[in-house]
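Remarks on the structure that follows.
So that the names make sense, note that chain A is the first sequence line, chain B the second, and so on, each numbered from 1. For clarity, every value in this text was computed on a predicted model and none was experimentally measured.
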There are 2 protein chains.
Amino acid sequence: MITNMESINNKLLSKNVRPTYQRMKILEYLEKNQNHPTVDMIYRYLLKEIPTISKTTVYNTLTMLFEKGLVSCLNITGTESRFDCYTGNHHHFLCEKCGNIIDLDVKCPIADKKKFQGHVIKELHGYFKGICKKCLENQK
Amino acid sequence: MITNMESINNKLLSKNVRPTYQRMKILEYLEKNQNHPTVDMIYRYLLKEIPTISKTTVYNTLTMLFEKGLVSCLNITGTESRFDCYTGNHHHFLCEKCGNIIDLDVKCPIADKKKFQGHVIKELHGYFKGICKKCLENQK
DNA sequence: TCCATATTTGTAATCATTACAATTATGTAT
DNA sequence: ATACATAATTGTAATGATTACAAATATGGA
Ligand SMILES: [Mn+2]
Ligand SMILES: [Mn+2]
Ligand SMILES: [Zn+2]
Ligand SMILES: [Zn+2]
C-alpha cells in the first residue's frame with residue numbers, strides 16, 4: 001500500500017468525508033506509523049507540523065474515521081485506545097515488557113461469519129499478552 | 001461449581017491469601033454473578049452487606065485476585081474493567097445494544113500454545129462485538 | 001496482652017476521554 | 001467577489017475510572 005496524499009484524499013472522499021488538512025495528516029500518520037499509536041502519540045507528533053492542532057480534533061477525527069470504517073480501534077492495554085489504519089482482520093500481541101503491540105496473523109475459526117450462536121458479529125478482537133520475541137532474546 | 005464460603009475460603013488459602021471478610025465477599029459476588037461486573041457494580045452491591053467497605057479495597061482485592069490467577073480481567077468495553085471468576089479459556093461477546101457480556105465457546109487455534117511466532121503467550125482475549133441474540137429477537 | 005505487620009479505609013491526585021461553546025474555515029448561492 | 005449557512009477546529013471545563021498515599025483498623029504470633 002502506497003502512502004501518499006492523493007490516496008489519503010481519495011480514501012476520505014470515498015466515505016464522504018471532507019479531506020481537511022488535519023484529517024489528512026492524522027490518516028497519514030497512521031499509515032506511516034503502524035505501531036498502533038495512542039491519541040497522545042498522534043497529537044504530540046502532529047503538534048510539530050500543525051502547532052494549532054487540538055487534541056479534541058484528534059479524538060473527534062479518530063472516532064469519525066473509526067465509524068466510517070477507515071481505522072480500527074484497539075483496547076488491548078486497558079488504559080487507552082490504540083489506533084490502526086489496517087482494518088483487515090488480524091489479531092494483536094501486547095508485550096508486557098516493552099509495551100509494543102505486534103500484528104498477528106491468526107486464523108480465527110469464526111472470522112468471516114456474520115453470525116455466531118445467534119449473535120450478529122460486527123467486530124472481532126483477538127488480543128494476546130505476554131513477552132515478545134525481541135524481549136526474550138534481549139534478556140538471554 | 002458449588003459456591004459456598006468453604007470453597008471460597010480454600011480457594012484463597014490455596015494461593016496463600018488471607019481469607020478476610022471483604023475478600024470472601026468479593027469472590028462470592030463474582031461466583032454468584034457471572035455477568036462480568038465492573039468494580040462499581042461489585043462495590044455498590046457489597047455496600048449493602050458491608051456498609052464500611054471502600055472502593056479502594058474492591059480495586060486492590062480484584063487486582064490481587066487477578067495476579068494470583070483467581071479471576072480474569074476483561075477490557076472489552078474500553079471504558080472500564082470487567083471481572084470474571086471463570087478463568088478457563090473462553091471468549092466474550094459484547095452487545096452494543098443491551099451492554100451484556102456473554103461467554104462464548106470458541107476454539108482458538110493457538111489457545112493452548114505457550115509460544116506463538118517466538119512470543120511467549122500469557123493471556124488470550126477473544127472479544128466479539130455486535131448485537132446479541134436476545135436483542136435481535138426483541139426488535140423483530 | 002502486646003506488637004509488628006497486613007489489611008482496610010478515606011481522600012486526593014492522575015489521566016484518558018467527553019461535553020460544550022466559541023472561533024475559524026469552507027462551500028454555495030447571489 | 002461577497003455573504004451566509006454550515007462544517008470543522010479549537011480551548012477549556014467536566015467527567016469518570018483508576019491509582020497514590022497516609023491514617024485507621026484488624027490480625028496472628030510472641
Ligand atoms: Mn494491527
Ligand atoms: Mn466470561
Ligand atoms: Zn517486548
Ligand atoms: Zn443485547
Side-chain angles (χ1 to χ4, degrees), chain A residues 8-9 11-13 15-29 36-68 70-83 94 99 101, chain B residues 8-9 12-13 15-29 36-68 70-83 94 96 99 101:
Chain A
I8 287 174
N9 198 289
K11 204 179 263 195
L12 290 169
L13 288 176
K15 298 288 181 179
N16 297 310
V17 174
R18 199 187 285 174
T20 65
Y21 187 59
Q22 286 88 341
R23 287 167 177 173
M24 304 260 291
K25 281 301 191 181
I26 288 169
L27 208 41
E28 183 195 31
Y29 181 87
H36 314 91
T38 64
V39 168
D40 197 59
M41 287 162 73
I42 301 169
Y43 170 69
R44 287 206 317 274
Y45 177 81
L46 290 182
L47 216 46
K48 299 177 201 162
E49 304 197 11
I50 317 169
T52 60
I53 201 170
S54 161
K55 192 177 274 191
T56 300
T57 298
V58 182
Y59 270 105
N60 290 341
T61 300
L62 289 168
T63 300
M64 182 269 294
L65 293 176
F66 173 70
E67 282 164 2
K68 295 287 183 180
L70 290 176
V71 304
S72 58
C73 175
L74 318 182
N75 285 105
I76 191 171
T77 68
T79 55
E80 75 282 292
S81 294
R82 301 296 191 120
F83 292 88
L94 170 66
I101 296 171
Chain B
I8 288 174
N9 197 289
L12 290 169
L13 288 176
K15 298 289 181 179
N16 298 310
V17 174
R18 198 185 287 175
T20 65
Y21 187 58
Q22 287 86 342
R23 287 168 178 170
M24 304 261 291
K25 282 300 192 180
I26 288 169
L27 208 41
E28 183 194 30
Y29 181 87
H36 313 93
T38 64
V39 168
D40 197 59
M41 287 162 72
I42 301 168
Y43 170 68
R44 288 206 318 275
Y45 177 80
L46 291 182
L47 216 45
K48 299 177 202 162
E49 304 197 9
I50 317 168
T52 58
I53 201 171
S54 161
K55 193 177 273 189
T56 300
T57 298
V58 182
Y59 270 105
N60 289 342
T61 301
L62 290 167
T63 300
M64 182 268 294
L65 292 176
F66 173 70
E67 282 165 3
K68 296 286 183 179
L70 291 177
V71 304
S72 58
C73 174
L74 318 182
N75 286 106
I76 191 170
T77 68
T79 55
E80 76 282 293
S81 293
R82 301 295 190 120
F83 292 88
L94 170 67
E96 60 192 28
I101 296 172

Nearest whole angstrom, please: distance from the [atom2] of [N] to the [atom1] of [X].
X	N	atom1	atom2	value
A:Ile53	D:dG11	CD1	C1'	13 Å
B:Tyr21	C:dT9	OH	P	11 Å
B:Arg23	C:dA6	CZ	P	11 Å
B:Arg44	D:dG16	CZ	P	12 Å
A:Leu46	D:dT10	CG	P	10 Å
A:Ile50	C:dT24	CD1	P	17 Å
B:Gln22	C:dA6	CD	P	17 Å
B:Met64	C:dT8	CE	C1'	12 Å

For residues [X] and [Y], determine if any side-chain heavy atom of one lies less than 4.5 Å from a side-chain heavy atom of the other.
X	Y	value
B:Lys25	B:Gln22	no
B:Tyr43	B:Leu47	yes
A:Asn75	B:Thr77	no
A:Leu13	A:Pro19	yes
A:Phe83	A:Leu74	no
A:Val39	A:Glu80	no

Over all strands shown, is A:Thr52 touching base, sugar-phosphate only, or nothing at heavy-atom distances under 4.0 angstrom?
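Sugar-phosphate, backbone atoms only, no base.
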Atom CD1 of B:Ile50 and atom CE of B:Met24: how far apart are they, to the nearest 0.5 Å?
10.5 Å
Rounded to the nearest 0.5 Å, how far does CZ of A:Arg23 lie from CZ of A:Arg18?
7.5 Å
Determine, for nucleotides 22-30 of chain D in 5'-to-3' order, which nucleotides have protein heavy atoms under 4.0 Å from the base (write B), from only the sugar-phosphate (write S), or from neither (write -).
-----S---
Would you tabulate the pairs of protein nitrogen or oxygen atoms and nucleotide nitrogen or oxygen atoms of nucleotides 13-20 of chain C closer than 3.5 angstrom?
residue	atom	partner	partner atom	Å
C:dT17	OP1	A:Ser81	N	2.8
C:dT17	OP1	A:Ser81	OG	3.2
C:dT17	OP2	A:Tyr59	OH	2.8
C:dT17	O5'	A:Tyr59	OH	3.4
C:dA19	N6	A:Thr56	OG1	3.4

Residue closer to the 5' end of DNA chain C, B:Tyr43 versus B:Val17 (nearest nucleotide)
B:Val17
Side chain to side chain donor-acceptor pair (under 3.5 Å) contacts in which one or both residues fall within residues 51-61 of chain A, not counting sequence neighbours:
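Checked against side chain to side chain donor-acceptor pair (under 3.5 Å) - neighbours excluded - the pairs reaching residues 51-61 of chain A are A:Asp40-A:Lys55.
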